[in-house]
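Structure, as structure tokens:
Just so you know, ligand 1 is whichever comes first in the structure, and atom 1 is the first atom listed for that ligand.
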Amino acid sequence: MTTPPYDAIVVGARCAGSPTAMLLARKGHRVLVVDKATFPSDTISTHLIHPPGVAALRRWGLLDRLVATGCPPIDTYAFDFGPFTITGSPGTDEAPVSYGPRRTVLDKLLVDAAAEAGVEVREGFTVEDVVLEDGRVTGVRGHDKGGATVTERARVVVGADGLHSKVAQAVKPEQYDEKPPLNASYYTYWSGLPMNGRFEAYIRDDRGLAAWPTNDGLTLVIAGWTYSKFAENRQDIERHYHETLGDAPAFAERVGAAKREERFVGLSVPNYFRKPFGPGWALVGDAGYHKDFITAQGIQDAFRQAEQVADALDQSFAGRRSAEDALGAHQAARDAQAKPMYEFTADLATMHAPPPEMQQLFGAISRTPEASRGFTRVYAGVTSPAEFFAPQNVERILATAGASAGGPGNAS
Ligand SMILES: Cc1cc2nc3c(=O)[nH]c(=O)nc-3n(C[C@H](O)[C@H](O)[C@H](O)COP(=O)(O)OP(=O)(O)OC[C@H]3O[C@@H](n4cnc5c(N)ncnc54)[C@H](O)[C@@H]3O)c2cc1C
């Protein structure tokens, strides 16, 4: 058998693909990354990166570059439920703040870092199909813009090609724990809407909104509603967006004094896990695990998976472990880490008012700074919901809040 020219071909060059390619190249492997987009390029996605995602950028030596783009740091998250607000700082020692960089900024930075690491980057290259030989993926077929179809071969093809992954369509991985779309959300950007380092969310029955600062002095404001309203509300997105803002009058007043700078974009998305590997292929990012964006986990999940998959492939290329073993361990780690957040995200994504006992708990959380900080850390993916909502911790929160009942955050 002839040795293929690449160890890995990575399809997709955004949050999952470029870091996977970069990390493999830094370990000395020959990598081609292709994307049908040319960078800088926007995509339909808001872009809050919580502290664990920021920590990954720091580990990779890329955080200073992000900071240099002028993207403002976010140190406080505030969840306004109407009668009470949970406010805290989710930061860690390793990454004390979050950032909300535009995807035009973030993805370009990641593509450039991959190229600097020695990855061959082919932008404007569309993969038409994967090459399958005796049940094993051995390469991809695709074309440059307007060019003829060419075939490229590698030991492994990594599908980092997002929600509509061509690689996943070809290899048909097992899909599990699916959930249907749960809400529909639309966002746009405003100038003259200062956030002073805050992420703010306003949660109401069947709808809600969130806002945070990004590059170029702009603030992103996203409004969403439960999925049953999708068909009706998409007829007039602007009106429904502003009606939702009206649920938070003080915030709506701030938006009223600001200027909308871009069009509304948004959508509704499915939820699933997929087996992320098989003979000659692997999946990272949305291609292998997708969830509603209400908890803004996608970018840091993609970063985490990029590290794990690059490690697993490195072990298998070096002959230290079989690909099946190494990527199987990655799948187990991914699922164990993600499952509690997946369920928490799905609950929030329905946009239904929390049941009374949950409202009572959220009210209690709002009355104690430690629990408030704990909640913001859950949302940020720093602490697992399984740990925070464990019966013992819930009891502790209720007891502490009971002792301080009557304070300013009291829900009753
Ligand atoms: C409305 C919305 C809001 C969101 N908000 C947040 C947020 O605030 N924070 C957060 O962390 N996450 C958020 N997410 C999730 C986040 O966008 C994704 O999880 C993240 O982009 C996944 O990265 P990825 O690299 O796997 O896929 P993508 O970012 O989708 O990148 C896939 C790439 O593959 C390329 N590609 C696809 N097919 C081919 C092909 N055939 N040939 C060549 N190239 C191909 C595409 O051009 C694309 O560049 C949001 C998502 C949505 C939809």
Side-chain angles (χ1 to χ4, degrees), residues 9-21 32-54 56 74 98-104 106-108 110-111 121-130 140-145 152 157-170 181 183-188 199 201 210-212 214 220 222-224 264-271 274 276 283-306 309 338 341 345 349 379-381:
I9 296 174
V10 181
V11 184
R14 293 189 191 266
C15 321
S18 279
T20 306
L32 169 67
V33 65
V34 301
D35 200 301
K36 61 186 174 194
T38 55
F39 296 89
S41 153
D42 210 351
T43 184
I44 298 186
S45 164
T46 67
H47 31 74
L48 181 62
I49 310 180
H50 299 298
V54 174
I74 300 165
S98 307
Y99 288 93
R102 290 295 294 258
R103 292 295 296 262
T104 41
L106 175 71
D107 296 353
K108 170 76 175 142
L110 297 172
V111 172
V121 179
R122 236 181 262 177
E123 299 182 26
F125 183 94
T126 302
V127 169
E128 298 157 23
D129 211 346
V130 303
V140 299
R141 266 186 292 275
H143 60 270
D144 285 316
K145 208 165 184 190
E152 297 291 356
V157 171
V158 179
D161 46 350
L163 181 58
H164 306 290
S165 168
K166 209 33 149 205
V167 176
Q169 283 164 25
N183 76 59
S185 297
Y186 290 85
Y187 64 94
T188 186
F199 162 89
W212 63 92
T214 183
L220 181 153
I222 184 166
F264 291 97
V265 284
L267 77 173
S268 198
V269 296
N271 305 274
R274 287 180 180 149
L283 300 175
V284 286
D286 283 1
Y289 164 46
H290 198 271
K291 62 271 146 194
D292 194 275
F293 42 81
I294 197 159
T295 49
Q297 299 297 305
I299 296 170
Q300 64 186 15
D301 279 346
F303 288 177
R304 187 181 296 115
Q305 291 167 35
V309 167
M341 194 58 174
T345 299
Y379 182 82

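- Looking only at side-chain heavy atoms (C-beta outward), Asn183 and Asp292 come within less than 4.5 Å of each other.
- Residue contact check: Phe125 has heavy atoms under 4.0 Å from atoms 42 (N), 43 (C) of ligand 1.
- Listed by number with element, the atoms of ligand 1 under 4.0 angstrom from any heavy atom of Ala160 are 32 (C), 33 (C), 34 (O).
- Near Ile44, with a cut-off below 4.0 Å to any heavy atom, the atoms of ligand 1 are 52 (C), 53 (C).
- Regarding atom 45 (C) of ligand 1, its nearest protein heavy-atom neighbour is Lys36 CG, 3.9 Å.
- The single protein non-hydrogen atom nearest to atom 28 (P) of ligand 1 is Arg14 CD, 4.0 Å, given as residue, atom name and distance.
- Residues Leu163 and Pro270 are in side-chain contact: their nearest non-hydrogen atoms beyond the backbone lie under 4.5 Å apart.
- Of all the atoms in ligand 1, the ones that sit under 4.0 Å from a non-hydrogen atom of His47 are 7 (C), 8 (O).
- Annotation: side chain to side chain contact (heavy atoms under 4.5 Å, CB included) contacts of Lys36 (sequence neighbours excluded): Thr126.
- In this structure the side chain of Arg103 reaches within 4.5 angstrom of the side chain of Cys15, judged on heavy atoms.
- In this structure, atom 36 (N) of ligand 1 lies nearest to the protein heavy atom Asp161 CB, 3.8 Å.
- Closest to atom 3 (C) of ligand 1 among all protein heavy atoms lies Thr46 N, 3.1 Å.
- Per-residue contacts place Gly12 under 4.0 angstrom from the following atoms of ligand 1 (heavy atoms of the residue considered): 33 (C), 34 (O), 35 (C).
- Side-chain contact between Ile222 and Tyr186 is absent, with no heavy-atom pair separated by less than 4.5 Å.
- By the side chain to side chain contact (heavy atoms under 4.5 Å, CB included) test, Ala211 is found to be paired with Met195, Thr219, Val221, Phe251, residues two or more places apart in sequence or in another chain being considered.
- A donor-acceptor pair is defined here as one N or O able to donate and one able to accept, closer than 3.5 Å; such a pair exists between the side chain of Asp161 and the backbone of Lys166.
- The two residues Gly12 and Val33 make their nearest non-hydrogen contact at O-CG2, 3.5 Å.
- The closest approach between His164 and ligand 1 stays at or above 4.0 Å for every heavy atom of the residue.
- With values rounded to the nearest 0.5 angstrom, Phe39 atom CZ is found 9.0 Å from Leu110 atom CG.
- One finds a salt bridge joining Asp42 and Arg102 here, because a Lys/Arg side-chain nitrogen approaches an Asp/Glu carboxylate oxygen to under 4.0 Å.
- Ranking protein heavy atoms by distance to atom 47 (O) of ligand 1, first place goes to Asp35 OD1, 2.7 Å.
- In this structure, Lys291 is not positioned above the aromatic face of Phe293 in the sense of NZ or CZ being under 6.0 Å from the six-membered ring centre and within 45° of the axis.
- Near Leu267, meaning under 4.0 Å from any of its heavy atoms, are these atoms of ligand 1: 1 (C), 53 (C).
- One side chain, Arg14 or Ser41, offers a donor N or O that lies under 3.5 Å from an acceptor on the other.
- Nearest non-hydrogen protein atom to atom 17 (O) of ligand 1 is Ser45 OG, 2.7 Å.
- Near Asp286, the atoms of ligand 1 lying under 4.0 angstrom from a non-hydrogen atom of the residue are 18 (C), 19 (O), 20 (C), 22 (C), 26 (O).
- When only interatomic distances are considered, the shortest N/O to N/O separation between Gln300 and ligand 1 does not fall below 3.5 Å.
- For ligand 1, the polar-atom distance check against Leu48 finds a nitrogen or oxygen pair separated by under 3.5 Å.
- Neither the backbone nor the side chain of His290 has any atom closer than 4.0 Å to an atom of ligand 1 (non-hydrogen atoms only).
- Atom numbering of ligand 1 starts at 1 in the shown order; those under 4.0 Å from a heavy atom of Ala296 are 7 (C), 8 (O), 9 (N), 10 (C), 11 (O).
- Nearest protein heavy-atom contact of atom 11 (O) of ligand 1 is Ile299 N, 2.7 Å.
- Between Arg141 and Glu152 there is no salt bridge, since no side-chain nitrogen of the basic residue lies less than 4.0 Å from a carboxylate oxygen of the acidic one.
- Below 3.5 Å of separation, one finds an N or O of Gly298 facing an N or O of ligand 1.
- Taking atom 41 (N) of ligand 1 as the reference point, the nearest protein heavy-atom neighbour is Val127 O, 3.0 Å.
- The closest heavy-atom contact to atom 27 (O) of ligand 1, among the options Ala16, Gly162, Cys15, comes from Gly162.
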